[in-house]
Amino acid sequence: MKTILVTGGAGFIGSNFVKTMLDKYPNYKIINIDALTYAGNLENLKDIDYNENYTFIKADIRARQKIDKIFETYDIDMVVNFAAESHVDRSIVEPEIFLTTNVIGTQVLLDIAKKHWNLNPKDKYCKEYKEGVKFLQVSTDEVYGALGKTGMFVETMPLMPNNPYSASKASADMIVRSYYETFGMPINITRCSNNYGPYQFPEKLIPLMINNCLKGKELPVYGDGMQIRDWLHVLVHCIAIDTVLHKGVVGEVYNIGGNNEKANIDIVKLIIKTLGKSEDLITYVKDRPGHDRRYAIDNTKITTELGWEPQYTFEKGIKETIDWYLDNIDWIENIVSGDYMRYYESMYGEVY
Ligand code: NAD
Ligand code: TYD
């Protein structure tokens with residue numbers, strides 16, 4: 001029996017994670033807190049609305065008193081921190097909120113967890129600790145910066161972020177590490193590659209291209225389209241996070257990748273082909289400033305030490321993902337029209 005505080009659980013990966021955990025652990029309680037920014041959508045969670053092991057609370061991770069109250073009300077054993085501003089393009093236009101949410105928000109969570117878990121800076125191995133606790137920070141491979149044509153990211157590499165989003169995630173990683181070193185906070189950091197799958201907000205490459213393709217709209221490919229990402233199915237990622245949460249060695253960082261490098265243009269062409277549309281829709285547009293050329297994850301640590309494997313082929317995953325968007329056109333339409341926010345704002349007020 002554990003109570004897990006999931007932050008950002010109304011977003012893409014968080015909502016998939018909440019459902020994965022409720023399915024897998026019938027005796028766990030999941031408390032999902034989310035500020036419901038533009039990226040949070042409670043429709044992602046409607047299947048579990050009535051699950052008695054699940055509680056949703058609208059809360060901002062920067063709101064210290066509210067987070068404190070949540071820890072006081074629920075006996076939290078573990079925190080999995082997904083809450084973040086997550087879109088690189090937005091971070092180029094409006095960097096500040098990336099720092100307040102991704103860095104300060106993470107520090108607030110760490111501070112409140114430290115207080116309720118009785119971590120003591122003067123004696124980090126004191127016996128008063130709450131047993132079996134963990135703080136898992138969901139980070140990104142983007143903190144390592146960009147790779148050239150060869151090589152892969154390993155956990156020991158220096159962090160060299162190139163855009164405000166990845167710089168804010170790298171900063172959060174540093175704060176999490178410091179709470180481990182200074183206060184003995186039992187932490188893990190996971191750094192995953194690009195996720196794809198159901199419920200991804202249609203500002204990211206794959207759902208944006210599917211949506212535009214279906215509507216016969218232009219498909220904006222940045223620069224020459226030869227940037228490479230290592231695509232990881234979201235459900236495979238959720239299993240990896242669960243593995244690290246339960247088996248990860250305290251204080252360690254684990255990379256999580258799909259062993260699946262693809263150039264953006266090839267993904268776009270695959271979507272066009274699967275949907276039976278024309279490549280004339282492809283429109284090459286001005287490149288993103290600071291655009292990282294290639295990401296590739298070395299999975300050796302998590303596979304050899306924790307026994308997790310990325311068991312899902314991209315061919316199967318992308319086909320299922322495209323089918324999911326085709327079967328859930330209303331889900332995208334509610335987002336595009338903005339209805340998803342108006343509807344849920346009227347349903348969920350402030351809890352504290
Ligand atoms: P997302 O943008 O879909 O979801 C983020 C969620 O966080 C939303 O529900 C949003 O409402 C919530 N949120 C934002 N600010 C908040 C705040 N101040 N307080 C509480 N909630 C807040 O993001 P995602 O794609 O699901 O990513 C989840 C995590 O995984 C992020 O930390 C991201 O950096 C990391 N990550 C994502 C990817 C990817 O490919 N999607 C890859 C690597 C790492
Ligand atoms: P994105 O999904 O924004 O993820 P990230 O920037 O975190 O990797 O973008 C994935 C890749 O696709 C990235 O190289 C930028 C590129 N891209 C486009 O070419 N066109 C687009 O409209 C978008 C959203 C992304």
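Every number for a ligand or one of its atoms is a count from 1 in the order of the listing. As the structure is a computational prediction, the values presented were derived from the model and not from experiment.
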Undergrad: Check contact between Thr7 and ligand 1, using heavy atoms of the residue and a distance below 4.0 angstrom.
TA: no

Undergrad: Tell me the contacting part of Glu142 for ligand 1: side chain, backbone, both, or neither, using a 4.0 Å heavy-atom threshold, strictly below.
TA: neither

Undergrad: Tell me: protein heavy atom nearest atom 7 (O) of ligand 2, and distance?
TA: Glu142 OE2, 2.6 Å

Undergrad: Which is closest to atom 43 (C) of ligand 1 in terms of heavy atoms, Gly11, Cys192, Ala59, Ala39?
TA: Cys192

Undergrad: Using a strict threshold of under 4.0 Å (side-chain N to carboxylate O), is an ion pair present between Lys29 and Glu52?
TA: no

Undergrad: Do Val143 and Arg191 have side chains that get closer than 4.5 Å, going by heavy atoms?
TA: yes

Undergrad: I want to check a possible cation-pi pair here: Lys2 against Tyr28, using under 6.0 Å from ring centre and within 45° of the ring axis as the test.
TA: no

Undergrad: Quick one: nearest non-hydrogen protein atom to atom 24 (C) of ligand 2, plus distance?
TA: Glu203 O, 3.2 Å

Undergrad: What residue and heavy atom of the protein are closest to atom 16 (C) of ligand 2, and at what distance?
TA: Asn264 ND2, 3.4 Å

Undergrad: Would you please determine whether Ser15 falls within less than 4.0 Å of ligand 1 on a heavy-atom basis?
TA: no

Undergrad: Can Ile267 be reached from Tyr284 by stepping across I, L, V, M, F, W or Y side chains whose heavy atoms are under 4.5 Å apart?
TA: yes

Undergrad: Phe98 vs Tyr165 aromatic rings, parallel, tilted or perpendicular, using cut-offs 30° and 60°?
TA: perpendicular

Undergrad: Classify the contact between Thr101 and ligand 1 as side chain, backbone, both or neither, using a heavy-atom distance cut-off of under 4.0 Å.
TA: side chain

Undergrad: Validate the cation-pi geometry between Arg288 and Tyr222: distance from NZ or CZ to the six-membered ring centre under 6.0 Å, angle to the ring axis within 45°.
TA: no

Undergrad: Would you verify whether the NZ or CZ of Arg90 falls within 45 degrees of the ring axis of Tyr38 while also being under 6.0 Å from that six-membered ring's centre?
TA: yes

Undergrad: If you count the atoms of ligand 2 from 1 in the order shown, which ones are under 4.0 Å from a heavy atom of His87?
TA: 3 (O)

Undergrad: For His291, take its heavy atoms, then give the atoms of ligand 2 lying under 4.0 Å from any of them.
TA: 13 (C), 14 (O), 15 (C)

Undergrad: Using ring-ring contact (aromatic ring centres under 6.0 Å, His included) as the criterion, point out the one residue from Trp324, Tyr340, Phe12 that pairs with Trp331.
TA: Trp324

Undergrad: Is any side-chain heavy atom of Leu36 less than 4.5 Å from a side-chain heavy atom of Phe56?
TA: yes

Undergrad: Can you pull out the closest protein heavy atom to atom 4 (O) of ligand 2? Residue, atom name and distance to 0.1 Å, please.
TA: Asn194 ND2, 3.3 Å

Undergrad: At a 4.0 Å cut-off, with the gap strictly under it, does some heavy atom of Gly9 reach an atom of ligand 1?
TA: no

Undergrad: Would you say Asn195 and ligand 1 have an N/O pair spaced under 3.5 Å apart?
TA: yes

Undergrad: Would you mind reporting whether Thr7 and Leu109 have side-chain heavy atoms less than 4.5 Å apart?
TA: yes

Undergrad: Identify the protein heavy atom lying closest to atom 25 (C) of ligand 2, giving its residue, its atom name and the separation to 0.1 Å.
TA: Tyr222 CE1, 3.6 Å

Undergrad: Can you pull out the closest protein heavy atom to atom 22 (O) of ligand 2? Residue, atom name and distance to 0.1 Å, please.
TA: Pro220 O, 3.3 Å

Undergrad: Only heavy atoms of Leu208, strictly under 4.0 Å: list the atoms of ligand 2 that pass.
TA: 22 (O)

Undergrad: Run the contact test for Gly105 against ligand 1 with a 4.0 Å cut-off on heavy atoms, strictly below, and give the result.
TA: no

Undergrad: Could you check atom 42 (C) of ligand 1 against the protein and tell me its nearest heavy-atom contact, residue, atom and distance included?
TA: Ser193 O, 3.5 Å

Undergrad: Of the listed options (Gln137, His87, Arg90, Lys169), which comes nearest to atom 32 (O) of ligand 1 when hydrogens are ignored and any heavy atom counts?
TA: Lys169

Undergrad: If you measure from atom 35 (C) of ligand 1 to every heavy atom of Tyr165, Trp231, Phe98, which option wins on shortest distance?
TA: Tyr165

Undergrad: Could you walk me through whether Tyr295 and Tyr144 pass the ring-ring contact (aromatic ring centres under 6.0 Å, His included) check?
TA: CA-CA 9 Å; Tyr295 302 145; Tyr144 297 116; 9.6 Å; no

Undergrad: Between the side chains of Tyr179 and Asp111, does any donor sit under 3.5 Å from an acceptor?
TA: yes

Undergrad: Looking only at non-hydrogen atoms, which of Gly14, Ala83, Ala63 approaches atom 22 (C) of ligand 1 most closely?
TA: Ala83

Undergrad: Considering distance alone, does some N or O of Ile13 sit under 3.5 Å from an N or O of ligand 1?
TA: yes

Undergrad: Can you find a non-hydrogen atom of Phe201 under 4.0 Å from ligand 1?
TA: no

Undergrad: For atom 6 (O) of ligand 2, what's the nearest protein heavy atom and its distance?
TA: Arg288 NH1, 2.5 Å

